[in-house]
J.: 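Let me give you the structure first, and then I'll get to my questions.
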Amino acid sequence: MMNLKDELKGLKSVAVSGHIRPDGDCVGSTMAVYLYLRKNMPDIDTHIYLEKPADIFDVIKDIDKIEPAEDVDREFDAFICIDCSKDRLGAAEKIFDKAKKTINIDHHITNSGDGDVNYIDADASSASELVYDVLDKDKLDIEIAKALYIGIIHDTGVLQYSCVSPKTLVTTSELIKYGFDFPALIHSTFYEKTYLQSQILGRALLESFLMLDGKVSVSCVDRKMMEFYQVEPYDLDGIVNQLRYIRGVEVSIFMYQLATMEYKVSLRAGGKVDVSKIAAKFGGGGHIRAAGCTMRGSFYDAVNNIAAEIEAQLK
Ligand code: AMP
Ligand code: MN
Ligand code: MN
């Protein structure tokens with residue numbers, strides 16, 4: 001197994017980053033590595049590059065140290081890419097390409113490893129669980145533990161999805177020993193929604209429809225609706241899960257509009273259909289039960305193309 005400290009020994013500069021539109025696992029895992037390096041390897045000039053995370057992650061220490069990658073033109077001794085393959089880094093991809101050494105830590109089944117050094121395990125619940133593996137346990141603290149805990153909680157739906165293993169629970173158990181207020185973290189970062197977030201969830205459910213004998217649920221939020229409710233993409237988190245909780249539904253499809261004829265697609269499945277394969281077919285990726293991609297064309301074309309793939313797998 002990789003040990004992060006050994007990989008970075010003697011280096012002067014390190015960049016840490018994760019995927020575009022960072023989710024809880026991405027923010028938690030990258031921030032944990034950032035905090036760990038600042039605390040334990042203070043001689044390294046460590047930077048963290050991400051798109052601005054949602055306000056709910058303000059509970060993570062030093063979250064304000066996150067920098068945008070857009071204008072960075074620098075050669076780092078090492079680049080650590082977490083929770084994605086290099087092609088989902090967005091503006092940070094160019095920093096990855098310039099770095100002398102690249103490290104990739106990820107749990108996506110569609111990632112075969114883009115780094116000079118890779119720690120990829122598609123059976124892991126989250127990138128945060130893998131980050132815990134590569135850190136020295138006696139060099140953690142409550143803030144690092146909290147960041148990793150948030151990451152695990154978010155990618156496992158509070159320890160309920162099938163990606164949870166005995167190891168996930170052992171890791172989580174070690175993390176809560178640090179004594180942070182975990183019920184408060186679960187509430188404020190996972191369950192709590194603003195009024196507008198709740199309203200758009202309701203609207204998306206009202207306007208949803210079923211396909212393939214009720215095995216597929218579909219909903220979409222367009223730009224006009226997002227402007228009306230004054231919401232950003234991260235305000236739509238959780239809608240795709242709610243669509244999957246409908247009895248009889250095997251796969252839920254949720255889309256929101258990125259631009260004219262361009263949609264971000266989220267897929268969730270109950271186990272009978274591998275949505276990572278479907279997302280990969282349309283240029284995206286993910287996990288067997290949770291995957292995503294971006295599609296061009298009309299909403300109905302996108303739905304029909306995905307539904308055809310689901311139908312083929314259900315046969
Ligand atoms: P989402 O539906 O965006 O919450 O994503 C579900 C899962 O699929 C997450 O693990 C994402 O990291 C992954 N995923 C989403 N979009 C993509 C994409 N375009 N390429 C690769 N993986 C993706
Ligand atoms: Mn992620
Ligand atoms: Mn993840």
Side-chain angles (χ1 to χ4, degrees), residues 17-33 50-51 53-54 57 81-90 92-93 104-114 119-133 147-157 159 161-164 168 171 189-190 204 217-221 232-244 251-256 258 262-269 273-296 302 306:
S17 189
H19 57 79
I20 52 169
R21 295 187 287 269
D23 54 17
D25 182 35
C26 180
V27 176
S29 58
T30 53
M31 279 305 300
V33 166
L50 283 179
E51 289 177 6
F57 299 117
C81 168
I82 310 175
D83 198 33
C84 64
S85 44
K86 117 187 169 81
D87 60 331
R88 267 185 94 213
L89 284 168
E93 188 176 353
N104 192 186
I105 301 172
D106 192 19
H107 68 123
H108 287 87
I109 197 166
T110 40
N111 183 5
S112 47
D114 282 336
Y119 185 46
I120 312 284
D121 180 0
D123 291 328
S125 68
S126 52
S128 299
E129 182 180 329
L130 295 176
V131 163
Y132 180 81
D133 293 342
L148 292 174
Y149 180 82
I150 289 173
I152 293 175
I153 286 305
H154 277 246
D155 258 23
T156 60
L159 303 174
Y161 301 154
S162 61
C163 60
V164 172
T168 315
T171 302
T189 73
F190 194 81
S217 57
V218 185
S219 192
C220 181
V221 166
E232 298 294 328
Y234 60 75
D235 294 310
L236 307 172
D237 281 359
I239 295 179
V240 68
N241 296 316
Q242 202 60 49
L243 288 165
R244 238 283 298 153
V251 181
S252 60
I253 306 172
F254 176 69
M255 301 189 199
Y256 66 84
L258 293 169
E262 189 178 344
Y263 293 87
K264 164 74 178 91
V265 180
S266 287
L267 304 169
R268 296 293 183 273
V273 171
D274 178 349
V275 288
S276 75
K277 283 194 183 137
I278 298 174
K281 204 160 224 166
F282 298 109
H287 315 282
I288 292 170
R289 292 171 186 242
C293 58
T294 297
M295 290 176 79
R296 281 174 208 285
I306 295 166

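Whatever order the structure lists ligands and atoms in, that order sets their numbers, starting from 1.
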J.: Just to confirm my output: which protein heavy-atom neighbour is closest to atom 7 (C) of ligand 1, and how far is it?
T.: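 The answer is A290 O, 3.4 Å.
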J.: Quick check for you: to the nearest 0.5 Å, what is the distance between E129 atom CD and T171 atom OG1?
T.: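 Atom-to-atom, E129:CD and T171:OG1 are 5.0 Å apart.
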J.: Write out the residue and atom name of the closest protein heavy atom to atom 8 (O) of ligand 1, then the distance separating them to 0.1 Å.
T.: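 That would be A291 CA, 3.2 Å.
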J.: So for R268, does at least one of its heavy atoms come nearer than 4.0 angstrom to any atom of ligand 1?
T.: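 Yes.
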J.: With heavy-atom distances below 4.0 Å as the criterion, list the atoms of ligand 1 near G286.
T.: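 Answer for ligand 1: 8 (O), 13 (C), 22 (N).
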J.: Side-chain contact test, heavy atoms from C-beta onward, threshold under 4.5 Å: evaluate it for T294 versus V265 and give yes or no.
T.: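 In short, these two side chains do not touch, never coming nearer than 4.5 Å.
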J.: If you count the atoms of ligand 1 from 1 in the order shown, which ones are under 4.0 Å from a heavy atom of H287?
T.: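 Those of ligand 1 that fall under 4.0 Å from H287 are 10 (O).
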J.: I need the L89 CG to E51 CD distance, nearest 0.5 Å.
T.: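 Between L89 CG and E51 CD, I get 10.5 Å after rounding to 0.5 Å.
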J.: How far is atom 17 (C) of ligand 1 from the closest protein heavy atom, and which atom is that?
T.: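 Looking only at protein heavy atoms, the one closest to atom 17 (C) of ligand 1 is G292 O, 3.2 Å.
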J.: Just wondering, do I239 and Y256 contact through their side chains at under 4.5 Å, heavy atoms?
T.: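 A side-chain contact under 4.5 Å is absent here.
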J.: Roughly how far, to the nearest 0.5 Å, is the CG atom of L50 from the CD1 atom of I82?
T.: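 The CG atom of L50 is 9.0 Å from CD1 of I82, to the nearest 0.5 Å.
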J.: For atom 21 (C) of ligand 1, which candidate among P22, G285, G238, S85 provides the closest heavy atom?
T.: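 Looking at heavy atoms only, the winner is G285.
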J.: Less than 4.5 Å apart, any side-chain heavy atom of L159 and any of I152?
T.: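 They are in contact (side-chain heavy atoms under 4.5 Å apart), so the answer is yes.
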J.: Out of H107, H19, H154, which residue meets the side-chain hydrogen bond (donor to acceptor under 3.5 Å, both in side chains) rule with D25?
T.: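 Of all the options given, the one that passes is H107.
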J.: I'd like to check T30 versus D83 (side-chain heavy atoms, cut-off strictly below 4.5 Å). Are they in contact?
T.: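 Result no, sub-4.5 Å side-chain heavy-atom pair not found.
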J.: Would you compute the distance between atom CG of D155 and atom CD1 of I150 and round it to the nearest 0.5 angstrom?
T.: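 Spacing of CG (D155) from CD1 (I150) equals 13.0 Å.
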J.: Below 3.5 Å, N or O to N or O, backbone or side chain included: is there any such pair between R88 and ligand 1?
T.: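 Yes, R88 has an N/O under 3.5 Å of an N/O on ligand 1.
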J.: If you round to the nearest 0.5 Å, how far is CD1 of I288 from OH of Y161?
T.: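 Reported value, rounded in 0.5 Å steps: 15.5 Å.
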J.: To the nearest 0.5 Å, how far apart are OG in S125 and NE2 in H287?
T.: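 Spacing of OG (S125) from NE2 (H287) equals 9.5 Å.
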J.: Who's the nearest protein heavy-atom neighbour of atom 3 (O) of ligand 1, and how far?
T.: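 Answer for atom 3 (O) of ligand 1: K264 NZ, 3.0 Å.
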J.: Counting backbone and side-chain atoms alike, does H19 have an N/O/S atom under 2.8 Å from the Mn ion (ligand 2)?
T.: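 So H19 does bind the Mn ion (ligand 2) by this criterion.
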J.: Is there side-chain contact between N104 and Y119, with at least one heavy-atom pair below 4.5 Å?
T.: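 Side chain of N104 against side chain of Y119, heavy atoms only: no contact under 4.5 Å found.
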J.: Show all protein N/O/S atoms under 2.8 Å from the Mn ion (ligand 3), or state that there are none.
T.: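 Counting only protein N, O or S atoms under 2.8 Å from the Mn ion (ligand 3), the list reads D25 OD2, D83 OD1, H107 NE2, D155 OD2.
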J.: Please write down residue, atom name and distance for the protein heavy atom closest to atom 9 (C) of ligand 1.
T.: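 Looking only at protein heavy atoms, the one closest to atom 9 (C) of ligand 1 is H108 NE2, 3.8 Å.
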J.: Distance under 4.0 Å to a non-hydrogen atom of S266: what atoms of ligand 1 satisfy this?
T.: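 Near S266, the atoms of ligand 1 are 1 (P), 2 (O), 3 (O).
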